[in-house]
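First the structure, in the form of structure tokens, and then the observations on it.
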Amino acid sequence: MTRKTWDVNWIEKEILPQFELGKIISISGVGSGHINDSYRVSTETGDVFLQRINHQVFRPVNALMTNMEQLLDVMHRAGDYGYPKLIHSITGQNMIYDQPSDTYWRMTTFINGHSLANTTDPNIARQAGQAIAAFHQHTRHLDSTRFHPVIPDFHDMFWRYEQFYEACAEDVKDRLAPEIKLVDWVESMEDAMTELQADVLQHRIPIQVVHNDTKLENILFDDNQQVICLIDLDTVMPGTILYDVGDTLRTLPVNRPEDAEDLASLDISLEITTAFLEGYLAVQGDHLNAFERKWLPFAAPYMTFIMGIRFLTDYLAGDVYYKTSKEKHNLLRARNQFELVKKWIDLQPSLTGLIEEFMQKQVHSSDQR
Ligand code: GN1
Ligand code: MG
């Protein structure tokens, strides 16, 4: 899918009048999401954040908005006021539907902050770990059945493999043959990559409400490098904490973006990974069960692989899901992610060692309390 942008004059004329706002000063596109379209709208009375929700991806848009409202409510009640507030339309709706253009739009307060693609600063990594852990603390007691699975089986590797095989079988754009080596490698990884999800399906790894899209870019920081909130709440739904830990690690300690083409330049910082896990475990360590602990080192390769297989599937299916902005963009993203998977697998012994060490230190310090 190539990037579609909405004309800001059209937005001002058709969408904004449906909300009660002061005089509009400017509208500008923000963010780098692959799915929705986001805008900062400056008005005489302050700035707001406007998003077009991609309802091809998020089919039950109403369910998505119910999830989001519930989540924001939980965060605000917990005293986490960094999270934005939803701005209802003039008619009191949590989003609006524009029939002529068949588009859905929602609005929240604008949160001033910045996000990062990765970091070399251990303090930021630790903060990120604590922020993901705090999110999990706030959501762990919620009844996860009250949150709709807006994209069912989102991080289920078995389902991702099914979709991949389907795309291979259909091969709509004749893209398979030149990539057969890569496709064969993906097939060869199936047993190793589905084992974690097998433990989810066996109810060994607990299901709770998680964020499901915790790449570092989705953590908002203030100027003092303190976390304000997690953003991009569309995929907040049942899942496991491993998906979130893994998705932050997929990005935070990696020196290059997910579509970097020079694979030889890709590097994962163990120091940054360690700082993140320390931050996470300091808050969440006592609450993990044996299976969550067992799989924690594998969270990063799991989530990096799932992105790889999703990008490759979309490439084979003709680029129908993710926005793309260059030739073979999804294939390049897939190659990048798979290269990182290999590196994460090499790092497994070190990760297992450092997590064990950290957990022991924690047991020690709680013994002494
Ligand atoms: C998409 O919305 P955005 O760009 O943050 C995707 C995530 C992937 C991410 C890869 C609903 O997220 O699952 O991790 O791209 N979101 C959806 O960068 O598919
Ligand atoms: Mg997202």
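Indexing begins at 1, ligand by ligand and atom by atom, following the structure's order.
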Around atom 1 (C) of ligand 1, find the nearest protein heavy atom and jot down its residue, atom name and distance. I35 CG1, 3.9 Å
Q163 and Y321 side chains, donor-acceptor separation under 3.5 Å: no
F154: numbered ligand 1 atoms lying under 4.0 Å from its heavy atoms: 11 (C), 13 (O), 17 (C), 19 (O)
Give the atoms of ligand 1, by number and element, whose distance to some non-hydrogen atom of Y322 is under 4.0 Å. 15 (O)
Here's a test for you: under salt bridge (Lys or Arg N to Asp or Glu O under 4.0 Å), which of R106, R52, R59 qualifies with D234? R106
Show me which atoms of ligand 1 lie under 4.0 Å from any heavy atom of F58. 11 (C)
Quick one: which ligand 1 atoms are inside 4.0 Å of a heavy atom on R250? 10 (C), 14 (O), 18 (O)
Using the rule that two of Ile, Leu, Val, Met, Phe, Trp, Tyr join whenever any of their side-chain heavy atoms come within less than 4.5 Å, decide whether I231 and Y39 are in one cluster. no
Cut-off 3.5 Å, side chains only: do Y315 and R333 have a donor facing an acceptor? no
Atom indices of ligand 1 within 4.0 angstrom of Y321 heavy atoms, with elements: 11 (C), 17 (C), 19 (O)
Can you tell me which residue and heavy atom of the protein come closest to atom 4 (O) of ligand 1, and the distance to 0.1 Å? H34 N, 2.6 Å
Sub-4.0 Å heavy-atom approach of R333 to ligand 1: no
Identify, by atom number and element, the atoms of ligand 1 in contact range of G33, meaning under 4.0 Å from any of its heavy atoms. 4 (O)
For D232, what is the atom name of its N, O or S atom nearest to the Mg ion (ligand 2)? OD2
Could you tell me whether the side chains of T251 and E258 share a donor-acceptor contact shorter than 3.5 Å? no
Could you tell me which atoms of ligand 1, counted from 1 in the order shown, lie closer than 4.0 angstrom to a heavy atom of D232? 2 (O), 3 (P), 5 (O)
Walk me through it: do M303 and L242 pass the test side-chain contact (heavy atoms from CB on, under 4.5 Å)? CA-CA 9 Å; M303 289 303 288; L242 296 166; over 6 Å; no
Tell me yes or no: between the side chains of D319 and H329, is some donor less than 3.5 Å from an acceptor? no
Contact check: D234 to the Mg ion (ligand 2), N/O/S below 2.8 Å: no
Between N54 (side chain) and I35 (backbone), is there a donor-acceptor pair under 3.5 Å? yes
Quick check on contacts: which atoms of ligand 1 are under 4.0 angstrom from a heavy atom of R310? 7 (C), 13 (O), 17 (C), 19 (O)
Is it the case that Q337 and R250 place a side-chain donor and acceptor less than 3.5 Å from each other? yes
